[in-house]
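Just so it is clear: chains get the letters A, B, ... in the order the sequence lines come, proteins before strands, and each one is counted from 1. Values in this document were obtained by computation on a predicted structure and should not be read as measured data.
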Amino acid sequence: MSADPILAADVAAAPPTAIELVSVNKWYGDFHVLRDINLTVKRGERIVVCGPSGSGKSTTIRCINRLEEHQRGQIIVDGIELTNDLKRIDEVRREVGMVFQHFNLFPHLTILENCILAPTWVRKMPRKEAEDLAMHFLTKVKIPEQAGKYPGQLSGGQQQRVAIARALCMRPRIMLFDEPTSALDPEMVKEVLETMVSLAEDGMTMLCVTHEMGFARQVADRVIFMDAGQIIEMNEPNAFFSNPQHERTKLFLSQILH
Amino acid sequence: MSADPILAADVAAAPPTAIELVSVNKWYGDFHVLRDINLTVKRGERIVVCGPSGSGKSTTIRCINRLEEHQRGQIIVDGIELTNDLKRIDEVRREVGMVFQHFNLFPHLTILENCILAPTWVRKMPRKEAEDLAMHFLTKVKIPEQAGKYPGQLSGGQQQRVAIARALCMRPRIMLFDEPTSALDPEMVKEVLETMVSLAEDGMTMLCVTHEMGFARQVADRVIFMDAGQIIEMNEPNAFFSNPQHERTKLFLSQILH
Amino acid sequence: MDVSAPPAGKPSGYVSSAMLQQQPPPVSTTGPIAWARAHLVGSVGQVLLTLFGLWVAYVVIPPVVRFFFIDAVFTGTNRDACLPEKVGRDVGACWPFIWAKWNQIIYGFYPEPERWRVNLVYALGVVLLVPLMIQKVPGKRLNALAFFGIYPVVAFVLLTGGDLGLRGFLLSRLGLGGVFTNIGQAIGLRSGFWPDYVVSALLISAIVAAVAPVFAGNRRTAGKGMLVVFAVLGVVLAAVDIPFGLTSVRTDLWGGMLVTLVIAVTGITASLPLGILLALGRRSQMPLVSIASTAFIEFWRGVPLITVLFFATYMLPLFLPGGVSIDKLLLALVGVALFASAYMAEVVRGGLQAIPKGQYEGAAALGLPGGLMMRLVVMPQALKLVIPGIVNNFIGLFKDTTLVLIVAIFDLLGALRAAFADASWATPTTVVTGFGFAGLFYFVFCFGMSRYSMALERRLDRNHRH
Amino acid sequence: MTDASLREGPPKVRRWSWTDPKLRSLVLQAVLGIFLIWMAWSILANAQANLARRGIASGFGFLENSAGFGLVQTLIPYDESMSYGRAFLVGLLNTLLVAFVGIIFATLIGFVMGVARLSSNVVIKALASAYVEVTRNLPPLFQIMFWYIAVLAALPGPRQSLSFGLQPLINAIASGLNGIGLGSVGAQLSAFAGTLAAPGVFLNNRGLRIPRPVFESGSTIVGIALVVAIFAIWFTMRWAKRRRVATGQQFPVFWTALALLIGLPLIAAVVTGFPVTFEKPELRGFNFVGGVPVIPEFVALLFALSIYTAGFIAEIVRAGILSVSKGQSEAAASLGLKPNLTMRLVVIPQALRVIIPPLTSQYLNLTKNSTLGVAVGYPDLVAVFAGTTLNQTGQAIEIIAITMAVYLTISIITTMIMNWYNRRVALVER
Amino acid sequence: TTLDDVKARGALNCGVTQGLPGFSSPDDKGNWTGLDVDFCRAVAAAIFNDASKVRYTPLSAKDRFTALQSGAIDVLSRNTTWTMSRDTSLGFNFAGVMYYDGQGFMVRKSLNIKSAKELNGASICVQTGTTHELNLGDYFRANNMKYEVITFATIDETVKAYDSGRCDVFTSDQSQIYAVKLKLTNAGDHIVLPEVISKEPLGPLVRHGDDQWFDLIKWTYYALLNAEELGVTQKNAEQEVNSANPEVKRLLGSDGKFGEGIGLTPDWALRAVKLVGNYGEIFERNVGKGSPLGIERGFNKLWTQGGLQYGMPIR
Ligand SMILES: Nc1ncnc2c1ncn2[C@@H]1O[C@H](COP(=O)(O)OP(=O)(O)OP(=O)(O)O)[C@@H](O)[C@H]1O
Ligand SMILES: Nc1ncnc2c1ncn2[C@@H]1O[C@H](COP(=O)(O)OP(=O)(O)OP(=O)(O)O)[C@@H](O)[C@H]1O
Ligand SMILES: [Mg+2]
Ligand SMILES: [Mg+2]
């Protein structure tokens, strides 16, 4: 499939390294939640992060768009280093889209309004243009007919797809997904994964926390396994699944693959 | 595996037919939500109910412990017919445990307090005894160490297991599950299903709304398929999955099994 | 693990032969009889309660109707019309008293030839407010702008007469006043105010732009924003400064319903934004901001409004540099608004606390900066949640307007009370009639607010659910 | 790629930037602090200058001067020869009394009405809704005056007082004792009743008068018995709870407590030969003298404030209960808990966290609205102190300052108690 | 000075009651009328030659002194009793006595009471913030009687309570008692007891510290009295300017420049009388025979007729 024209322009203009984490450490109080994380994500790369509960997966990707502050090390996103500088943080967040496990749609706005909120206010896009863009992405995630409804009126799978469309409307260069399917019914998981696969085919840089191993096999360039705040193993999917190196990884994979 | 001694005593004393629905009809206003439901569940039987959203699965099992009132037909639970008589309803509810999709734990009480609330107030059990019982079941669902925490401090899978333990603490003869895994992570689904399997092995009567087909295959004595307020098809799992009779069932199964 | 053996009597398969069609519900569960049985006479307790309700109605309604209508006097020119010994029967409410005092109840001491201005303000208010409240009427933005932006200025000019005669405040202190005043007069401007205004607008905008990076992002937007604020303010000031040829009416002549509504409407419109600011302040991460907001809120919540008004009206001159005198109505307005905003702040804070963290994170992840996040995402949801509390406050505020009697202004109730002192209307039922009338007035407004808010709540609710 | 060895991160450099939120907040706070200090200073300086210039007397010496006016309700001994300071205390206690009792009543009525608004019985629901709409939408001043006039209109003058005697009741008890073979005790009791001489309770438009107990020498023993009874009740409650915890059995605590509370002092009284006499109200001249009076001003104010505030509380309670999701009560029901237990153990505890903050506001409002009592002649703090005393002495600054300070103190204490309670019921969450 | 302020403002700030029949209350048209009001109008007439240049500040009993102290009003003309402590320690000057009053009692006829001495143990309704509460205390203590006092904020509420039977006795200035009788359900069932237990000289007052302003108020009052004494009325004032009587000439400014001593023009008194009337006219119009109150002049007759009103000579 050909790359999405609306996205393509942006992607081309960006630096070749999308995300770089150098020796990132983070504590919650005294609890050392991220321990010396090093990771370089190239533009267009698609990475799946997995690992047991509480291993720091969410924390890692939340640090990348500065929903959490890290205490030591460097995080460079899209060529911008994350510091306390609010301006930079806003710049980074504009370039990074995030899809939450619990959607976090704005319940007081319609689907369309959810999608155009940030483009019009942050990107200062004319409303008409923003709406066209929103409809484009809503069509892409196959729910254009829901544009006028409120989030509360949609099913979980539809809501999650709206969340993806909303993030895409900011035309981010990077997308972060935090377990985007774990709050969904089995039937709905399928819908959302299909949407993500089609995004992946468009060449978007993606960092995705998920345990959908089918998705990882099909889409990921690399799979990362985390435990206890560290990256334990990182490999391309085939090698990762067929031949895990670390004991912990083996144990985990044995549990999760049924 | 041997039957749980604490449960065994109760189960033995009960009448052989656990639940009987005779021509049950229910309306919400003008909407005919249950249409002539007939179902007999024998003691110790384990039944899985599936069907598309809105087909009346939840309504059926909510009628069984009278969270909803039915308007025509008979529901006999544990030898007691459900009428407007409040006393009988209480009696039935004491014997029927229910696990909700959204857990509905009491957030202002600790896990242990959640579990002993009903035994001490309804069964007038001494607190010590109730606590022992609670710890027994918490151990059974593998979270005894969480007893002192509040529900808000647990992960979803842990919460779901607390909900099961809480229902078990009333030592019900019948357990109703309403999509107990649909809000969980894949890893946690496994934990919860394992807990339910071990219950099933103890010979508890179970009625479970779920779309986890693996669970249905492994545990169920019968699988019921509902649509539009009716029981469309009912069969033992092997026959049900391998050889569905009704067109609607075939369509549904084709969607859900990936 | 092994599939456990199926129980003895193995269930046979079942396939439904035909789909059952939707049937109408049994009559016994619908219809008026079922309704009555479920809601009125289902049990002994319900029967008793039903009877009790009827009894309460029986006890309350007939005497009230009797007093205010059947036995009431409707015409007359002085107290003789309402005196039992003169009329020769029991006398209920003395309505001619209300008719005689009607103008005072509505306008206070507002000079008679100028009352059309008050009427015009009332009429404009209704014309602008009614379409604003009805959801179906289009053009809400324009309407809101007219009501919240233009209407207050128009009302102010109409009611006071405008033509404030603004004076210079800055340049004359620097010894430059004369020059500009002369130039101003030469080109037809009335006073030395406007040069001052322009100079200070530029100055302040420059300062804001200079310190902008400290507080918010962009110096250009900050400076521009400030200039816009000054421009809007300038338009408003110009409007109240232009001599329209209306006679000036001092606020101490205002009274009656006029004052009640002016205070209530000002209080209501001011308390919401102020309350929001205070609530945000109280939740602020900065300790001093939060302490100051908390102290402010707790002070106003803790002190009776009458002592505050008393203090502000009669004692404040002792605390201010000599010769400063403040318009009393203005004092009351400020007092009521601050008082109401402290209460509002607590309500809003409750709403803010109820917004899940995910909403903040969702907005942040989209790159919405803090201010926009609050304005576009958090506040709309929080405010919707606390509509009942907000309306509780509005209703309380509406009734608190009666306290302005302290500042020597007769609101509706004050005007009535002063009218009670008129010896030519002194009868045994005058006071009760007056209070009955005032009670009806307050009830109509408060009840209206309460009902409208419920409708609003339901409407907003429907938008969000299935 | 596993790299478990932690290497030292790059040295931490703190870069100062204008956009650093920490620095920003520091600057903003400094500005605000300076502004506040400047405000306070300028106000104080102005006041000092102005007071000095106008030569207005200041100071709190006036509090010791004799007040010279009478008050209708005094919880502590007071007459017009006592000082303004004493009058202040009387007013303060009157305010506290009506506020405290009013808060209790308003809470009770409010909770009942709030729950009733959610009832399925249309009549109860309609009554509760009507109650809320009427009480909430009429100014409290009107309601106070309405109750005052209603109370006065319903009651007869002093000479036609309604009277309620205790003797018939005591005689009945005595004959009952006789019947079960305790004749001597019964005789003693009726002799004591004789000293009471019916009737002892009077109700008229001057208020309610009940006998004032006068304690004689032997009465300490009765007092001790009462104290013992209270301790016994406390122990019983603890024991009953422990027993319920241990065995699940319920114990009739309430009835036991009642029996202890009445029984023990009664036995002591029998043993000591009834050392208590009662000062009975007597009609002398215009009105009754003696006994303990409950004035209609208090009753009207209490009624009005409780009923008015209860209307608001009912709405708050309703919102609170609605905020607890239906799933909670369904879960409780499916565990076999009866509706009242569900309400008590599951719904109300969770609703409280939504209810308490606005409830605090209502408590403060009730306290402040008690100043409206001046309309019906209730001698509260504002009427006595910021009214009469201010008018007599003219020392506005001191009096208003004291009054504001007192109300602030009351409300801050209320808020603190409520916040403490709020924290107790707050949910523990991740 | 205060006069300069008043002139600059173009109006007199006058503190009045929030409504007391005959003394100050708004009529059907919304104009303030009454004895106290007319005094302020006379002052305004003397200053501006326009009796309507008055801004009324309706004050409750407890607000009034603070309002005057702080400068919110220029003159307090609000049936305020002249007492020593008010004159001295509150920092005021009383300018004269517009109305000599005394505190009396009203009771129901059915009580069969003839004298205040029989009131031992009675419940008494009184309005707060007046000298009445103190007088009551004194009177009952002096006569060794007990009483129960219920204090209300406004006169209407006091009357309502008395009328409902809450109290045996209503007490107030006698002038008010007559006004209040009009509002009782059955005015005929009540009698006013003969005792007058206090002296209640009610008059206008000003702040300490501006003697010229004090003089202006004081002499306006005297001018009103002198006008009545000399037969100068609202109607004939213009003609009387040419009167042969030297006293009238001095009063109306055709002889001497007495007005300049108080910062006004010589014909200040003429303006006051012409626009508002002399004391007798003001009295009759507001509280006397010309009003629903119909109060006898009693002590408020001129000294020449055996009363206490005595205008100091303008000379
Ligand atoms: N605000 C916080 N304060 C203290 N500890 C926290 C906080 N948030 C997260 N943690 C802890 O940090 C650890 C990592 O959390 P994180 O959410 O990143 O895990 P995760 O890998 O995403 O797990 P899951 O698969 O359950 O989402 C967990 O042990 C968690 O308990
Ligand atoms: N209180 C109600 N009032 C009216 N209609 C209702 C009500 N509750 C449920 N329904 C309707 O009844 C139908 C059956 O609902 P039910 O919850 O039993 O479906 P379900 O089979 O459990 O579906 P799901 O898999 O989505 O949980 C649905 O169409 C639903 O919209
Ligand atoms: Mg996570
Ligand atoms: Mg369901």
Side-chain angles (χ1 to χ4, degrees), chain D residues 50 53-57 62 66-73 79-81 144-145 148-153 155-158 204-207 283-289 293 295-297 372-379 382-384 386-397 399-400, chain E residues 60-71 85-86 89-92 108 110-111 113 118-138 140-141 145-154 156-158 160-161 163-169 207-209:
Chain D
N50 277 317
R53 197 154 45 82
R54 303 202 185 184
I56 291 176
F62 73 96
S66 134
F69 52 84
L71 293 170
V72 64
Q73 174 178 297
D79 68 51
E80 52 269 29
S81 63
I144 292 171
M145 295 189 22
Y148 190 52
I149 291 166
V151 166
L152 289 183
L155 295 175
N204 59 39
N205 61 13
R206 306 296 152 80
L283 184 63
R284 206 182 295 151
F286 291 93
N287 193 5
F288 290 85
V289 294
I295 57 171
E297 288 75 27
L372 295 173
V374 71
V376 294
Y378 184 76
V382 164
V384 171
T388 309
T389 304
L390 169 57
N391 187 47
Q392 307 297 4
T393 64
Q395 297 205 285
I397 295 187
I399 287 179
I400 293 298
Chain E
S60 74
K62 67 171 189 183
D63 301 339
R64 56 185 162 177
F65 298 126
T66 321
L68 184 57
Q69 273 175 340
S70 72
S85 67
R86 287 173 180 175
S89 60
L90 290 190
F92 300 134
R108 284 186 181 68
S110 59
L111 285 175
I113 284 176
E118 299 168 42
L119 290 178
N120 191 10
S123 300
I124 301 174
C125 285
V126 63
Q127 190 193 343
T128 184
T130 60
T131 46
H132 304 144
E133 292 166 89
L134 301 181
N135 296 335
L136 267 184
D138 290 351
F140 278 79
R141 235 182 319 164
M145 298 191 293
K146 291 227 165 305
Y147 69 106
E148 182 190 50
V149 61
I150 301 121
T151 324
F152 296 86
T154 69
D156 282 308
E157 285 144 5
T158 322
K160 198 74 209 164
D163 205 18
S164 314
R166 172 63 179 102
C167 306
D168 306 301
V169 183
R207 266 186 305 281
H208 272 172

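Of the two parts of E:Ile124, neither the backbone nor the side chain holds a non-hydrogen atom closer than 4.5 Å to a non-hydrogen atom of chain D. For E:Leu134, the parts lying under 4.5 angstrom from a heavy atom of chain D are both the backbone and the side chain. Looking at E:Cys167, only its backbone comes within 4.5 Å of chain D, counting heavy atoms on both sides. The part of E:Tyr147 that comes within reach of chain D is its side chain, from C-beta onward, which places non-hydrogen atoms under 4.5 angstrom from that chain.
Options E:Thr154, E:Asp163, E:Leu119, E:Ile113 differ in how many heavy-atom pairs under 4.5 Å they form with chain D, and the most are formed by E:Leu119. No other option in E:Ala153, E:Gly137, E:Ser85 has as many heavy-atom pairs under 4.5 Å with chain D as E:Ala153. Most heavy-atom pairs under 4.5 Å with chain E, from the set D:Ala383, D:Ala67, D:Ala375: that is D:Ala375.
With sequence neighbours excluded, the residues satisfying side chain to side chain contact (heavy atoms under 4.5 Å, CB included) with E:Asp138 are E:Arg141. For D:Thr393, the side chain to side chain contact (heavy atoms under 4.5 Å, CB included) partners at least two apart in sequence or on another chain are D:Phe62, D:Tyr84, D:Thr389, D:Gln395, D:Ile399.
For the pair D:Ala396 and E:Thr66, the tightest heavy-atom approach, listed with the atom from each and the gap, is CB-CG2, 3.5 Å.
Summarising the geometry, atom NZ belonging to E:Lys146 is positioned 7.5 Å from atom CG belonging to D:Asp79; distances are rounded to the nearest 0.5 Å. Note that CD1 of E:Ile150 and CD of D:Glu297 are 5.0 Å apart. Values are rounded to the nearest 0.5 Å. The structure places CZ of E:Arg166 at 6.0 Å from CD1 of D:Ile295, a figure rounded to the nearest 0.5 Å. How far CD of E:Glu133 is from CD of D:Gln392: 6.0 Å, rounded to the nearest 0.5 Å.
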